[in-house]
Amino acid sequence: MAILVVLIKENSHPDPELNKLRCQVNDVVDIVEDDHEFTFGELNSGRYKFVNIPGVLAEEFEHLREVERDSEDPEKIVNIRVRKIDLSMLDDKLLDAASKNEPLIKDDILSITLDRK
């Protein structure tokens, strides 16, 4: 099972260029397998939403951590994330799945994935 770690607290920087290099609200910060042990601080900081996706390997969501690189200098990161998750739609999907006593599935997440720009 994959666990998506989605940022839910503001993480802006006053400099717009540096801000592009920081994860923002709705960005997937990390993707781990279900045997990952989060720290007390991670679980209780109020900064993240942890989304369990049973039956799917974490690697199937790696595209959610894709970075945008400079076309002329591929080593240079231009934007820390290319995609984000629509959190309001995620909450709807979670409620819908819970009402049916079913888990979220990969297609649920893919349907609420947006381009970050």
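Note that the structure is a prediction, hence the values are computed from the model and not measured.
The minimum heavy-atom distance between Ile80 and Val67, with the atom names listed, is O-CG1, 3.0 Å. Shown here for Phe61 and Ile31, the closest heavy-atom pair between the two residues is O-CD1, 3.0 Å. A pairwise comparison of heavy atoms in Val56 and Lys106 identifies CG2-CB, 4.1 Å as the closest pair. Here the shortest heavy-atom pairing between Leu104 and Pro54 reads O-CD, 3.6 Å. The shortest heavy-atom contact between Val6 and Val51 is CG2-CG2, 4.4 Å. Scanning both residues, Ile109 and Leu4, for their nearest heavy atoms gives CG2-CD1, 3.8 Å.
For Arg47, there are no side chain to side chain donor-acceptor pair (under 3.5 Å) partners, not counting sequence neighbours.
Salt bridge absent: Glu66 and Arg81 never bring a charged side-chain N and a carboxylate O closer than 4.0 Å.
Here the side chains of Glu68 and Ile77 are not in contact, with every heavy-atom distance at 4.5 Å or above. Counting heavy atoms from C-beta outward, Asp30 and Arg65 have side chains that approach closer than 4.5 Å. Side chains of Leu57 and Glu60 form a contact here, defined as non-hydrogen atoms less than 4.5 Å apart. Between Arg83 and Asp115, the closest side-chain pair of non-hydrogen atoms falls below 4.5 Å.
Interatomic distance, Leu87 CG to Lys49 NZ, rounded to the nearest 0.5 Å: 6.5 Å.
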Could you pull out all donor-acceptor pairs under 3.5 Å where a side-chain atom in residues 21-28 meets a protein atom, sequence neighbours excluded?
from	atom 1	to	atom 2	distance (Å)
Arg22	NH1	Ser12	O	3.2
Gln24	NE2	Asn19	O	3.2
Gln24	NE2	Asn19	OD1	3.1
Gln24	NE2	Arg22	O	3.1
Asp27	OD1	Arg116	NE	3.3
Asp27	OD2	Gln24	N	2.7
Asp27	OD2	Arg116	NE	3.2
Asp27	OD2	Arg116	NH2	3.2

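A donor-acceptor distance shorter than 3.5 angstrom exists from the side chain of Asp86 to the backbone of Met89, with no hydrogens or angles considered.
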